[in-house]
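The structure appears right after this line, and notes come after that.
When a ligand or atom number is given, it counts from 1 through the structure's own listing order.
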Amino acid sequence: MRVIITDSYEQMGFEAAKLVAGQIYLKPNSVLGLTTGSTPLAMYERLLALHKTDGLDFSEVTTFNLDEYIGLSAYNPHSYYYYMQENFFKHININQENIYIPNGMTNDVTAEGIHYEQLIASKGGIDLQVLGIGQNAHIGFNEPDVRFVADTHMVELNEETILANSRFFNNIDEVPRCAISMGIKTIMMANRILLLANGRNKAKAIYKALCGDITPQAPASILQLHRDVVVIIDKEAAEFLS
Ligand code: GLP
């Protein structure tokens, strides 16, 4: 595991963008696993800049997002589909047919999960998976639990996550209670994982992920078992690392 600690959030985004760009330069038809939330915004901003000024080419890139809320359509401004279009996809030259995000409007989450796993496999697997982390050390929407769930599946969000994510909604009652998320195996199968975090409110989760016991109670701790993880965090998120 390689840990890079940056002075600022912006620098975290810049370092992350360089790693993603390097992946695409080396393999133009890379399969990227992508994440949402406030953490990766600085990275997306830098990637857009690299596309505009340096011609970073996304035309052959395929993307798979980690998760989506159940019950929110692509047109809902709170959906992760909408977030990805607004913050990233509509600004780059990615082929819209190469964008995959779990369908939050499905009537059959189990079938959607199986289909998503098959799609990832059919593209040769994920080369680089970008992750944020929840304050409770969740990755994707894999919440603390008594066991790790392997494949893409339905998740009931816990109160802590609903509260944390309510800042994106008008009020807490609007936050969906369920989501569909890549599982722990889906994430761990990626060739390389890039974990991002910023801010003091992520410091405990980062400590648990990097230094704590490997336990489904802190889902990100499983990353200690992956052979190629790069962690890029600002100094506030690194507060408890020695
Ligand atoms: C959400 C997402 C995660 C994300 C996490 C942290 O619950 N499902 O993939 O990593 O929140 O979000 P933020 O970056 O906004 O703190």
Between ligand 1 and [X], is the shortest N or O to N or O distance under 3.5 Å?
X: G140; answer: yes
X: N165; answer: yes
X: T161; answer: no

Among all protein heavy atoms, pick out the one at the shortest distance from [atom]; state its residue, atom name and that distance to 0.1 Å.
atom: atom 11 (O) of ligand 1; answer: H138 NE2, 3.6 Å
atom: atom 4 (C) of ligand 1; answer: T36 O, 4.1 Å
atom: atom 8 (N) of ligand 1; answer: D67 OD2, 2.8 Å

#### Entry: Distance flag, aromatic centroids of Y82 and Y75, threshold under 6.0 Å
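No, the ring centres sit 6.0 Å or more apart.
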
### Query
Which is it for E68 and ligand 1 at heavy atoms under 4.0 Å: side chain, backbone, both or neither?
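The answer is neither; E68 stays 4.0 Å or more away.
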
### Task
Tell me which part of Y80 gets within contact of ligand 1: side chain, backbone, both or neither, using heavy atoms under 4.0 Å.
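Y80 to ligand 1: side-chain contact only, backbone stays beyond 4.0 Å.
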
Contact atoms of ligand 1, heavy-atom distance to [X] under 4.0 Å:
X: R167; answer: 13 (P), 15 (O), 16 (O)
X: T39; answer: 13 (P), 14 (O), 16 (O)
X: S38; answer: 13 (P), 14 (O), 15 (O)

### Task
May I ask whether Q135 places a heavy atom under 4.0 Å from ligand 1?
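The answer is no, since Q135 has no heavy atom less than 4.0 Å from ligand 1.
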
#### Entry: Axial cation check for F88 ring with K90, 6.0 Å and 45° limits
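No, K90 does not lie over the aromatic ring of F88.
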
### Query
Is there a donor-acceptor contact under 3.5 Å from the side chain of Q217 to the main chain of D145?
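At least one qualifying donor-acceptor pair exists.
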
